[in-house]
K.L.:
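Okay, here's the structure, questions in a sec.
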Amino acid sequence: MTKIKVKKPIKISFVFLVLLIVLLIFGNKFYKEHLYKQTYEYKLLEINYSLEETKPLIKYLNQKEIEYILTKEYNSNIVKLVQDKYFIFNNLERYIKYTDKNNDKDIALIIKSVNVNRDLDFYENPTKTNLEDKHLMLVNKYYFLEENYIPENLNTVSLSYSYEGNSINEEVINAFMELSSDAKNSGYTIVINSSYRDYNSQKEVWESRKVLYGTRKADSFAARAGHSEHQTGFAIDVADFFDEEDTFGNTDSFIWMKENCYKHGFILRYPADKEDITGYSYEPWHYRYVGKEVANIIKK
């Protein structure tokens, strides 16, 4: 019988292949027993997250954030939270707490609410607003202006665009003049009937409402002193010049304003059905100047 000779290169390849298979087998075993246990996937699985749930946690969180998650008990809501566009990790504990109290609300609304501080009580430990933000300064029931704050470039509004006694930031005046001209071209006459109010004037407004309606009701449609957008110099109340009933929300001018104000840098500040977020009842007459770029983003 003829003996088959195996060429040397084939022998070497065969030996190499065997060694490779052995290495893969033992390497895989070593990885599972030692290295894999050090991965975040394994650690998350150990605290009851499913394999599918570990993926977004690892994708959207950094090392420090995952380490923090590992100190917590399993919570499926965390997986949903981290995937939202507006998720802020520093707000995680507040998201969880607010979710527990409002499990009927979807995650997107939970995040939006917490991000604007709606998980806190109104006027609870308010923060002084950042004046460097200028026309984007945030003033509401959580952010305030000091008593002595007076807006820069405060000018009187011409009676061609306003009722008597109104003054506002010059940038707002110029923007409103453009808006007014645009409205007239469409057949509407929109004027400013209230604008800048200083701290003490706002204090009088709120306290008079409190006497008439009580604190809770007054807070629903009037800001406390220091918390009013009117003090910023960037907020206006408007009216239809020919509206004898003074019900701007029922006029065609309002429909035009709502659809076109963003083109001139204004937004409807307190929309209908958003009371739970804004903290104020619907005000179709109240507009805030934020500049054309931001107004366009908000409109979208």
K.L.:
For Arg94 and Asn117, test the side chains for any donor-to-acceptor distance below 3.5 angstrom and give the result as yes or no.
P.N.:
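A pair is found: one side chain offers a donor N or O, the other an acceptor, under 3.5 Å apart.
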K.L.:
Please examine the side chains of Asp198 and Tyr196, heavy atoms only from C-beta on, and report whether any two atoms are closer than 4.5 Å.
P.N.:
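Result yes, sub-4.5 Å side-chain heavy-atom pair found.
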K.L.:
Name the orientation class of the two ring planes belonging to Phe266 and Tyr289 (parallel below 30°, tilted from 30 to 60°, perpendicular beyond 60°).
P.N.:
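Taking Tyr289 first and then Phe266, their aromatic rings stand perpendicular (interplane angle over 60°).
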K.L.:
Find out whether Ile88 and Val114 are in side-chain contact, i.e. whether some heavy atom of one side chain is under 4.5 Å from a heavy atom of the other.
P.N.:
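Side-chain contact under 4.5 Å: no.
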K.L.:
Taking Ser158 for its side chain and Ser160 for its backbone only, find out whether a donor-acceptor pair lies under 3.5 Å.
P.N.:
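Side chain of Ser158 to backbone of Ser160, a donor-acceptor pair under 3.5 Å: yes, one is there.
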K.L.:
Quick one: does Ile190's side chain get under 4.5 Å of Ser253's, heavy atoms only?
P.N.:
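Ile190 vs Ser253: side chains touch.
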K.L.:
Roughly how far apart are Glu204 CD and Arg209 CZ, rounded to 0.5 Å?
P.N.:
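Here the interatomic distance stands at 11.5 Å.
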K.L.:
Search all heavy atoms of Val139 against all heavy atoms of Glu229 and return the closest pair with its distance.
P.N.:
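Val139 and Glu229 have their closest heavy atoms at O-CG, 3.6 Å.
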K.L.:
Look at the side chain of Glu124 and the backbone N and O of Asp121, then say whether any donor-acceptor pair between them is shorter than 3.5 Å.
P.N.:
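The answer is yes, because a donor-acceptor pair under 3.5 Å joins these two groups.
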K.L.:
Report yes or no: does Asn62 contribute a side-chain atom to a donor-acceptor pair with the main-chain N or O of Glu65 at less than 3.5 Å?
P.N.:
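Side chain of Asn62 to backbone of Glu65: a pair is present.
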K.L.:
Do side-chain atoms of Thr129 reach the backbone of Leu138 as a donor and acceptor pair under 3.5 angstrom?
P.N.:
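Answer holds: yes.
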K.L.:
Between Tyr287 and His264, is any pair of side-chain heavy atoms under 4.5 Å apart?
P.N.:
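The answer is no, as the side chains (C-beta and beyond) never meet within the 4.5 Å cut-off.
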K.L.:
Looking at Asp182, Asp252, Thr251, which one forms a side-chain contact (heavy atoms from CB on, under 4.5 Å) with Tyr188?
P.N.:
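Exactly one candidate clears the test, Asp252.
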K.L.:
How far apart are the closest heavy atoms of Asn103 and Asp100, and which atoms are they?
P.N.:
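Nearest heavy atoms, Asn103 then Asp100: ND2-O, 4.3 Å.
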K.L.:
Any donor-acceptor pair under 3.5 Å linking the side chain of Gln231 with the backbone of Ile150?
P.N.:
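No: the side chain of Gln231 does not pair with the backbone of Ile150.
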K.L.:
Working note: Lys105 + Asp276, criterion salt bridge (Lys or Arg N to Asp or Glu O under 4.0 Å); need CA distance, chi angles, decisive distance, verdict.
P.N.:
CA-CA 12 Å; Lys105 294 183 178 180; Asp276 189 50; 3.3 Å; yes
K.L.:
Please tell me if the side chains of Ser186 and Asn260 come closer than 4.5 Å, counting only heavy atoms from C-beta onward.
P.N.:
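No, every pair of side-chain atoms sits at 4.5 Å or beyond.
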K.L.:
Indicate the atoms forming the closest heavy-atom contact of Ile69 with Phe89, along with that distance.
P.N.:
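Scanning both residues, the minimum pair turns out to be CD1-CE1, 4.2 Å.
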K.L.:
Do the non-hydrogen side-chain atoms of Tyr68 and Leu70 ever get within less than 4.5 Å of each other?
P.N.:
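The answer is no; the side chains never approach within 4.5 Å.
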K.L.:
Rounded to the nearest 0.5 Å, what's the gap from CD on Gln83 to CD1 on Ile111? Could you check?
P.N.:
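Answer rounded to 0.5 Å: 10.0 Å.
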K.L.:
Would Asn115 and Asn91 satisfy side-chain hydrogen bond (donor to acceptor under 3.5 Å, both in side chains), going step by step from the backbone distance to the final call?
P.N.:
CA-CA 8 Å; Asn115 286 354; Asn91 287 344; 3.1 Å; yes
K.L.:
Got Leu57 and Val82 here, is their nearest side-chain heavy-atom distance under 4.5 Å?
P.N.:
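Touching, per the 4.5 Å side-chain cut-off.
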K.L.:
So with a 6.0 Å cut-off around CZ of Phe241, is the heavy-atom count from everything else above 12?
P.N.:
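Not more than 12 within 6.0 Å, no.
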K.L.:
Same cluster or not: are Met257 and Ile192 linked, directly or through other Ile, Leu, Val, Met, Phe, Trp or Tyr residues, by side-chain heavy atoms under 4.5 angstrom apart?
P.N.:
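Yes, Met257 and Ile192 fall within the same hydrophobic cluster.
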K.L.:
Determine whether more than 12 heavy atoms belonging to other residues, nucleotides or ligands lie under 6.0 Å from atom CD1 of Ile297.
P.N.:
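Buried by this count: over 12 neighbours within 6.0 Å.
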K.L.:
Do Ile173 and Tyr161 belong together in a cluster built from hydrophobic side chains that touch within less than 4.5 Å?
P.N.:
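Looking at the clustering, Tyr161 is in the same group as Ile173.
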K.L.:
Taking side chain as C-beta onward, heavy atoms only, is Arg224 less than 4.5 Å from Thr215?
P.N.:
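Contact flag for Arg224/Thr215 side chains = yes.
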K.L.:
Just checking, is any N or O donor in the side chain of Asn296 or Lys299 under 3.5 Å from an acceptor N or O on the other one?
P.N.:
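Short answer, no.
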K.L.:
Please name the pair of heavy atoms, one in Leu51 and one in Leu45, separated by the smallest distance, quoted to 0.1 Å.
P.N.:
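For Leu51 versus Leu45, the nearest heavy atoms are N-CD2, 3.6 Å.
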K.L.:
Would one find more than 12 heavy atoms of other residues, nucleotides or ligands at under 6.0 Å from atom CD of Glu152?
P.N.:
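No, not enclosed.
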K.L.:
With a 3.5 Å distance limit and no angle check, can you tell me whether Gln202 reaches the backbone of Asn200 through a side-chain donor-acceptor pair?
P.N.:
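Checked: no pair found.
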K.L.:
Roughly how far, to the nearest 0.5 Å, is CD of Glu293 from OH of Tyr262?
P.N.:
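Tyr262 OH to Glu293 CD: 14.5 Å, rounded to 0.5 Å.
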K.L.:
Lys141: which residues meet the side-chain contact (heavy atoms from CB on, under 4.5 Å) condition with it, sequence neighbours left out?
P.N.:
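With sequence neighbours excluded, Lys141 shows a side-chain contact (heavy atoms from CB on, under 4.5 Å) to Phe122, Tyr123, Asp219, Tyr280, given in chain and number order.
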K.L.:
State, to 0.1 Å, how close Asn48 and Glu53 come at their nearest heavy-atom pair, and which atoms those are.
P.N.:
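Shortest heavy-atom contact: O-OE1, 4.2 Å.
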K.L.:
Can you check whether Asp104's main-chain N or O pairs, donor with acceptor, with Asn102's side chain at less than 3.5 Å?
P.N.:
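No; judged by distance alone, with no hydrogens or angles, the pair does not exist.
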K.L.:
Looking only at side-chain N and O atoms, does Tyr36 offer a donor or acceptor that is under 3.5 Å from a partner on Glu41?
P.N.:
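Yes, side-chain donor-acceptor contact under 3.5 Å.
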K.L.:
Just do the salt bridge (Lys or Arg N to Asp or Glu O under 4.0 Å) check on Arg269 and Glu283 with the steps written out, would you?
P.N.:
CA-CA 8 Å; Arg269 188 65 178 91; Glu283 294 190 0; over 6 Å; no
K.L.:
Counting neighbours of OH on Tyr74 that are heavy atoms of other residues, nucleotides or ligands and sit closer than 6.0 Å, is the number greater than 12?
P.N.:
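Atom OH in Tyr74 is crowded, with more than 12 foreign heavy atoms closer than 6.0 Å.
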K.L.:
Does Leu109 offer a backbone N or O that forms a donor-acceptor pair with the side chain of Ser113 under 3.5 Å?
P.N.:
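A pair under 3.5 Å: yes.
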K.L.:
Which distance, rounded to the nearest 0.5 Å, do you find between the CD1 of Ile277 and the CG of Asn140?
P.N.:
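Spacing of CD1 (Ile277) from CG (Asn140) equals 12.5 Å.
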K.L.:
Give the intermediate values and the outcome of salt bridge (Lys or Arg N to Asp or Glu O under 4.0 Å) for residues Lys72 and Glu93.
P.N.:
CA-CA 11 Å; Lys72 310 284 294 179; Glu93 294 298 335; 2.9 Å; yes
K.L.:
Would you sort out whether Phe87 and Tyr60 count as a ring pair (Phe, Tyr, Trp, His ring centres under 6.0 Å), showing the intermediate values?
P.N.:
CA-CA 10 Å; Phe87 173 78; Tyr60 294 107; 8.9 Å; no
K.L.:
Measure the NZ-CG distance between Lys210 and Leu212 for me, rounded to the nearest 0.5 Å.
P.N.:
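Reported value, rounded in 0.5 Å steps: 12.5 Å.
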K.L.:
Specify the closest pair of heavy atoms between Gly291 and His135, including all atoms of both residues, with the distance to one decimal.
P.N.:
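Looking at all heavy atoms of both residues, the shortest contact is N-CD2, 3.8 Å.
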K.L.:
How about Lys203: does its NZ atom have over 12 heavy atoms from other parts shown lying under 6.0 Å from it?
P.N.:
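At most 12 heavy atoms, drawn from other residues, nucleotides or ligands, come within 6.0 Å of this atom.
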K.L.:
Parallel, tilted or perpendicular, judged at 30° and 60°: which one describes the rings of His227 and Phe144?
P.N.:
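Plane angle between 30° and 60°, so tilted.
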K.L.:
If you count heavy atoms of other groups shown closer than 6.0 angstrom to CG of Asp133, is the number above 12?
P.N.:
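Counting other residues, nucleotides and ligands, CG of Asp133 exceeds 12 neighbours.
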K.L.:
Would you tell me whether Tyr40 and Glu67 have side-chain atoms, one donor and one acceptor, within less than 3.5 Å of each other?
P.N.:
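There is such a pair (donor and acceptor under 3.5 Å, judged by atom type) between the side chains of Tyr40 and Glu67.
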